[in-house]
Amino acid sequence: MTFGFAPSAATSLSASAGSVNHTARMLEPAEWAAAGIPLLRSPREVVSGLHARHRPASATAVVAVLDHEERLTASASFARRSTAAADGWEFRNALLAHLRRVIPHDLRRRTPVRTAVLLYCREGDERWTEEDGAWMWGLRDACTLHGLRCGAYITLTRGGWQVLGEGRGGRMPTLLSRPSDLADTSVAHDHVPLRTGGGAAEALRRSAAR
């Protein structure tokens, strides 16, 4: 498995102690690939469903919780602060706050039964960046603190989507494409009550009306 590397515009490295701590809160591609992240059976359907529900723009994160059959249980979207540095600690806190709003924790379970995945929309190409590494660190830590299994990290760019660490991706949807109708995505056919945060109310109303 090979990974490209692109420098992150949001992350600057320096020799200061603060920078050392800052860069420690990120995961390199090799670390992520070795973490045993469960593979998505239908990544395109998950990406298309989240794209249709949340209609994310650039610098938007969509965190979703899937059950053991890869059905969408809850999701939330939020915009990344453009002035903030790419720091896994800050990303972890943001992800955890939104998870707590949309779904109860599973900390009482011995083994996680639900999986959290993260779709992050950004400029640039599909190559890994330090910003991606910070999101990976944040997702893994947020899952641990909420009793969830850490799932896939997916980027959505102008060129399409990419599941980092797996080498799987597709051309549609893209950062600029028009979201498809929820009826065209398998994750729209929920079998459990769906909690969604971050601007998906209109999409849910259309889905419920069918």
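As a basis for the values below, the full set of heavy atoms in this structure was taken, side chains included, without hydrogen atoms, waters or symmetry mates. These numbers come from a predicted model, not from an experiment.
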Pairs touching residues 133-172 that satisfy ring-ring contact (aromatic ring centres under 6.0 Å, His included), sequence neighbours left out:
Phe91-Trp135, Tyr120-Trp135
So Leu164 and Thr155, side-chain contact (heavy atoms from CB on, under 4.5 Å) or not? Walk me through it.
CA-CA 7 Å; Leu164 294 193; Thr155 58; 4.0 Å; yes
Using a 4.5 Å cut-off on heavy atoms from C-beta on, say whether the side chain of [Y] contacts that of [X].
X	Y	value
Leu118	Ile154	no
Cys150	Ile37	yes
Cys121	Pro56	yes
Leu72	Asp67	no
His105	Arg100	no
Leu40	Glu70	yes
Thr115	Leu148	no
Thr157	Glu123	no

Atom pair [atom1]/[atom2] of [X] and [Y] - distance to nearest 0.5 Å:
X	Y	atom1	atom2	value
Arg55	Leu50	CZ	CG	13.5 Å
Glu31	Met136	CD	CE	10.0 Å
Ser48	Arg53	OG	CZ	12.5 Å

[X], [Y]: one ILVMFWY side-chain cluster at the under-4.5 Å cut-off?
X	Y	value
Leu175	Trp128	no
Leu95	Leu145	no
Val102	Leu96	no

Side chains of His54 and Ser75: is there a donor and an acceptor less than 3.5 Å apart?
yes
Decide whether Thr129 and Asp132 meet the rule of one side-chain donor and one side-chain acceptor closer than 3.5 Å.
yes
With distance as the sole test, does [X] use its side chain to make a donor-acceptor pair with the main-chain N or O of [Y] at under 3.5 Å?
X	Y	result
Glu90	Ala85	no
Arg92	Ala134	no
Arg41	Glu69	yes
Thr174	Ser177	yes
Arg149	Pro112	yes

Which is it for Glu131 and Arg122 under the side-chain contact (heavy atoms from CB on, under 4.5 Å) test, yes or no, and what are the steps along the way?
CA-CA 10 Å; Glu131 182 182 24; Arg122 62 166 173 78; 4.1 Å; yes
Could you walk me through whether Arg140 and Leu27 pass the side-chain contact (heavy atoms from CB on, under 4.5 Å) check?
CA-CA 10 Å; Arg140 185 187 64 176; Leu27 293 177; 3.6 Å; yes
Going by the salt bridge (Lys or Arg N to Asp or Glu O under 4.0 Å) test, which pairs reach into residues 105-115, not counting sequence neighbours?
Asp106-Arg109, Asp106-Arg114
Apply side-chain contact (heavy atoms from CB on, under 4.5 Å) to His68 and Val113, showing your working.
CA-CA 6 Å; His68 66 285; Val113 297; 5.8 Å; no
